[in-house]
Amino acid sequence: MSQFVDECQLNVKGGDGGAGCISFRREGPETMGGPNGGDGGNGGDIWLIADHNVASLLAFRDHPHRRAERGIHGKGKDQHGRRGESLEIKVPIGTKASDLYTGEVLAELNNQGDRWLAAAGGRGGRGNAKFLSNKRRAPSFAEQGEHGEERWLKLELRLMADVALVGFPNVGKSTLISVISAAKPKIANYPFTTLEPNLGVVRVDDTTEFVVADIPGLIEGASEGRGLGHQFLRHVERARVLCLMIDLAPVDGVWPNEQERILLQELGAYQPDLLERPRIVVGTKADMVQPGDLEVMEWEGDMVSAITGQGVNDLVGKMASLVHDARQATEYQDGVIVIRPEASGAIVERLDDNEFRLVGRDVERVVALNDVTTPEALAYIDHRLERLGVPKLLTKAGAKEGDVIWIGEFSFDYVPSV
């Protein structure tokens, strides 16, 4: 079974907030003193963190659900609940997180230590002590904790390599990386031997080393998804240098110049700026061709043989030179993290001819009460909704008496203000 996973789904849920407490002081002869209910703790957040010690998304393939700890409920005597522990999820450098259903890119974690808030924990509810006022001397209600944010994510890994070996299947990429590095990929004499990328570290001297990625073989139409093309091409995106490997002894009869044309065509169709990357073009399997064959194929480029070692040192030297120049040009790649301001106040959405929904964190928090059936709690809701301008918004939206108004999971019949 493969131990490398470069695409997966992940379900994250922030911890629910703890509920506030309804409590009153009972000290000595004072059996019904003032309110002293504590607040509930906030739920834990879920963070994605890029870590160079994580190599793939294997940990999420069979276990896609992650939950942060919920907040503890408040208690009497003004005892506030403990907040839930946040959960930090380590992912490989180069991980892109998108919304599973819309495909919108939410974050790209390209550097060690990059972190993104994947799911926020719910806010803890306030205890009844927080609702004490001159008009409300004995509040008999408290807030529930908010539910933690939950979403499905699609995670995709794009390997970060200095050099990407690109070529047709069975062109000799795996053999070359096994010679120039300590990587030990699967090698066999048939197409599509490599079904997952292999990374190898090439060490030239004590101060010079770079990472080479053996990208699975591409075929014509790879940019359109043929032969798992999209999955393979994804790992070329972040390479600093491209090494196009051309088979000088092709078994399928595709001549070297045609191979190069097809590879460049597929790279450009997938992502046009790949054609602007520094690249090396080299013919492989030099030990299997004769000078006369090269004249027929009109091949005048560099050649290597991973079997005999011909041209390998020169190729490694060219890679090292291009990598050095590329590193100087782009030393640090910014990650992309989408930050959206929370909708404040209230927004009215029409659901049907006689049904509306109020959206917005402020207005949704208003109804996060333990018991919305008590007159005191309903009076507080009416007061807060009026302060937020909800009656005017509903009137402007065309709401009529008797229409159903939804706020979160709570609904009521609309009665216009007199």
Side-chain angles (χ1 to χ4, degrees), residues 12-47 65-89 117-151 342-346 358-388 390 406-412:
V12 290
K13 185 182 187 306
D16 295 335
C21 176
I22 303 174
S23 175
F24 296 91
R25 291 196 305 274
R26 294 175 175 81
E27 300 169 351
E30 189 176 20
T31 58
M32 196 64 174
N36 67 350
D39 301 340
N42 294 336
D45 301 325
I46 294 185
W47 294 85
H65 298 278
R66 297 294 185 276
R67 300 286 183 268
E69 187 179 24
R70 66 168 300 145
I72 304 301
H73 300 320
K75 298 181 180 179
K77 299 183 180 180
D78 293 312
Q79 297 182 71
H80 301 315
R82 178 178 59 83
R83 71 167 297 149
E85 290 288 336
S86 293
L87 179 61
E88 296 185 345
I89 302 175
L117 180 61
R123 193 189 73 169
R126 292 176 291 176
N128 66 335
K130 290 294 178 63
F131 298 97
L132 176 66
S133 67
N134 290 333
K135 294 183 179 180
R136 193 185 303 111
R137 303 307 300 170
S140 59
F141 61 91
E143 288 181 334
Q144 293 181 344
E146 290 182 320
H147 293 300
E149 186 179 13
E150 182 175 9
R151 58 168 34 134
E342 295 177 355
S344 59
L358 287 166
V359 180
R361 194 160 193 182
D362 291 343
V363 73
E364 290 173 3
R365 281 175 171 169
V366 170
V367 299
L369 300 172
N370 277 331
D371 187 2
V372 295
T373 62
T374 63
E376 190 176 16
L378 289 174
Y380 174 76
I381 291 176
D382 288 340
H383 171 70
R384 290 293 299 141
L385 291 179
E386 188 172 353
R387 290 284 298 273
L388 291 171
V390 168
W406 287 91
I407 305 177
E409 299 177 358
F410 173 72
S411 66
F412 62 90

So which atom in [X] and which in [Y] form the shortest heavy-atom distance, rounded to 0.1 Å?
X: Ala118; Y: Arg151; result: O-NH1, 2.8 Å
X: Pro35; Y: Pro139; result: CG-CD, 3.8 Å
X: Gly33; Y: Phe24; result: O-CD2, 3.4 Å
X: Cys21; Y: Gly74; result: CB-O, 3.4 Å
X: Ala68; Y: Glu85; result: CB-O, 4.1 Å

Next item on the list: Report the residue from Gln144, His147, Arg123 that forms a side-chain contact (heavy atoms from CB on, under 4.5 Å) with Asp16.
Entry: His147

Notebook entry, point to check: Can you find a pair of side-chain heavy atoms, one from His73 and one from Arg70, that are under 4.5 Å apart?
Noted result: yes

Margin query: Looking at Arg82 and Glu69, is there a salt bridge between them, counting it only when a charged N and a carboxylate O are closer than 4.0 Å?
Written below: yes

Checklist line | Note: Glu150-Arg67 ion pair, threshold 4.0 Å (strictly below) | finding: yes

Distance in Å, [X] [atom1] paired with [Y] [atom2], rounded so as to fall on 0.5 Å steps:
X: Arg26; Y: Asn36; atom1: CZ; atom2: CG; value: 8.5 Å
X: Glu149; Y: Asp45; atom1: CD; atom2: CG; value: 9.5 Å
X: Phe412; Y: Ile407; atom1: CZ; atom2: CD1; value: 4.5 Å
X: Leu358; Y: Leu388; atom1: CG; atom2: CG; value: 9.5 Å
X: Ile46; Y: Ile89; atom1: CD1; atom2: CD1; value: 5.0 Å
X: Ser140; Y: Glu376; atom1: OG; atom2: CD; value: 4.0 Å

Does the [X] side chain pair with the main chain of [Y], one donor and one acceptor, at a distance under 3.5 Å?
X: Asn128; Y: Phe141; value: no
X: His80; Y: Gly38; value: no
X: Ser23; Y: Gly76; value: no

Notebook entry, point to check: Tell me the salt bridge (Lys or Arg N to Asp or Glu O under 4.0 Å) pairs involving residues 125-142, sequence neighbours left out?
Noted result: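 Those involving residues 125-142 are Asp39-Lys130, Arg126-Glu143.
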
Notebook entry, point to check: Counting only heavy atoms not in Glu386, do more than 12 sit closer than 6.0 Å to its CD atom?
Noted result: no

